[in-house]
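What follows is a short report on a single structure.
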Number of protein chains: 2
Amino acid sequence: MPTPTKITQKQVLTRAIAILDERGADALSMRELAKSLGVKAPSLYRYYPDKISLERAAVETGNRLLLEYVKAGCRRTEKSGMLLAAGHAYRKFAKAKPHLYSLMMEKRLILPPTSESGKALWEFVLALVRNVSGDTDGTACGVALWSFLHGFVSLEQAGRFGASGSRDGFTVGIEALAAGFAAANVHSK
Amino acid sequence: MPTPTKITQKQVLTRAIAILDERGADALSMRELAKSLGVKAPSLYRYYPDKISLERAAVETGNRLLLEYVKAGCRRTEKSGMLLAAGHAYRKFAKAKPHLYSLMMEKRLILPPTSESGKALWEFVLALVRNVSGDTDGTACGVALWSFLHGFVSLEQAGRFGASGSRDGFTVGIEALAAGFAAANVHSK
DNA sequence: GTCTATATGCGGATAGAC
DNA sequence: GTCTATCCGCATATAGAC
């Protein structure tokens, strides 16, 4: 064995996410990643055929981690506060991993519909809003909730709420949605 | 006059936005922009000192245009449907100018608080939610509304609602917020 | 005001030796 | 499996001639 294995696929992925976390998406180049792993850039192509495959793997990991956050946030909270708890968990994830979160939402990195991580996340959201609203479908409510959460954390991350901050916009929004979901179900009966 | 003026600052800006609309942000380079105007890249620096100044000008133009859309959408609609009308106009703008919209929301392109176009937009949103909610502040409601709208159009543009589409998520979300804003004001009295 | 030429830097990816 | 060397492309921006 003249050239013993220095790295594994898992290490490559973990290090990529670490760079993302520490220095952002612009800093994540194959050269930088290799240097950070103590190898040269061409070696990385033994583990991921191109950069976008690596990015997609990072997105999958992010999806799984986000689901963990949200599930943990919902545990041991009663139905009435469930949406708010889930929302806080979502926001917490985006704060902890801002660059990974942005990557997860990029258009060019949409995973195929077969992606387990994406489906699992969406199914959890649907179950959540069904539980709150009593609706049997939940698509519309899920879309509305996800839209609000994504919009809020995106604008917050971009610093668009200015010096005055978001005030209670987060709570106001979620409470309004929660009430609206329940009411909408009454009408649809 | 050995070298007569070929372009104006306004033309540079207009052409930049056109490229953005037609081919996206990645296609907007100083070289491409120059070529599209029939000049060479260095000439552009007579009109904008660097690329980011040009991008900021594009964002300002976008802000003004978005405000026009929203104002037009609200005209001749009664109070009860105001938020939905404004929302549809916001969405319509994002659909018409997706790449300009994305640029407007980029963190690195946040305009200084002195920016007239940004302030005017935010003031209009505040007036809108105050009108609906009766609240005298409106910051929290404005934040919630903006979050929902931005989140929805971002996810829609990124194709994240999948084949099934957003269903009635847009309407459900806005109606819920409208109802919630009014209710919140009752409590705060 | 526009030009040519260039400085300087970045990136992804591959061929082929060891 | 890792390496050196390299190809190829992109970009922003500037100096100085005309």
Side-chain angles (χ1 to χ4, degrees), chain A residues 1-60 99-100 102-103 106-111, chain B residues 1-60 99-100 102-103 106-111:
Chain A
M1 279 185 242
T3 56
T5 297
K6 288 187 180 176
I7 54 178
T8 65
Q9 190 183 50
K10 188 173 179 177
Q11 282 175 333
V12 173
L13 177 56
T14 302
R15 202 73 207 91
I17 293 177
I19 291 178
L20 218 49
D21 289 345
E22 290 156 17
R23 298 193 285 143
D26 289 349
L28 180 61
S29 69
M30 298 304 266
R31 284 165 155 83
E32 272 305 308
L33 176 55
K35 187 191 290 187
S36 162
L37 284 162
V39 298
K40 302 298 173 184
S43 306
L44 301 177
Y45 291 85
R46 291 277 157 192
Y47 302 95
Y48 289 96
D50 42 38
K51 192 188 178 186
I52 203 168
S53 309
L54 171 60
E55 291 174 313
R56 274 195 263 259
V59 168
E60 294 243 38
H99 299 110
L100 179 56
S102 297
L103 204 73
E106 271 190 35
K107 185 171 189 173
R108 51 178 259 277
L109 292 178
I110 293 188
L111 300 173
Chain B
M1 276 186 248
T3 57
T5 295
K6 289 185 179 177
I7 55 177
T8 66
Q9 189 183 51
K10 189 173 180 176
Q11 280 175 333
V12 173
L13 178 56
T14 303
R15 202 74 206 89
I17 293 177
I19 290 178
L20 218 48
D21 289 344
E22 291 156 17
R23 297 193 285 142
D26 288 349
L28 179 60
S29 70
M30 299 303 265
R31 283 164 153 82
E32 273 305 307
L33 176 56
K35 187 191 289 186
S36 162
L37 284 161
V39 298
K40 302 296 173 185
S43 306
L44 301 177
Y45 291 85
R46 291 274 157 195
Y47 301 94
Y48 290 96
D50 42 39
K51 193 189 178 185
I52 203 168
S53 309
L54 171 61
E55 290 173 314
R56 275 194 262 260
V59 168
E60 294 244 37
H99 298 108
L100 179 56
S102 297
L103 203 73
E106 271 190 34
K107 185 171 189 174
R108 50 177 261 276
L109 292 177
I110 292 188
L111 301 172

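Within every chain, numbering begins at 1; the chains are lettered A, B, ... in the order of the sequence lines, protein sequences first and strands thereafter.
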May I ask you to decide if A:L28's main-chain N or O and A:K51's side chain share a donor-acceptor pair within less than 3.5 Å? yes
Decide yes or no for B:E55 and B:R108: does some side-chain heavy atom of the first lie under 4.5 Å from some side-chain heavy atom of the second? yes
With sequence neighbours left out, the residues meeting side chain to side chain contact (heavy atoms under 4.5 Å, CB included) with B:T14 are B:K10
Which residues pass the side chain to side chain contact (heavy atoms under 4.5 Å, CB included) test with A:A41, sequence neighbours left out? A:R31, A:A34
With a 4.5 Å limit on heavy-atom distance, are the side chains of A:L109 and A:R56 in contact? yes
Taken to the nearest whole Å, CD/B:Q9 to C1'/C:dG1 is 15 Å
Which of residues 17-47 of chain A have a heavy atom under 4.0 Å from DNA chain D? A:V39, A:K40, A:P42, A:S43, A:R46, A:Y47
Selection: residues 48-60 of chain B, any non-hydrogen atom under 4.0 Å of DNA chain D: B:D50, B:K51
Which residues satisfy the side chain to side chain contact (heavy atoms under 4.5 Å, CB included) test with A:A57, sequence neighbours excluded? A:L13, A:Y48
Any residue meeting salt bridge (Lys or Arg N to Asp or Glu O under 4.0 Å) with A:E22, in chain and number order, not counting sequence neighbours: none
Short question: side chain of B:E32, backbone of B:S29 - any donor-acceptor pair under 3.5 Å? no
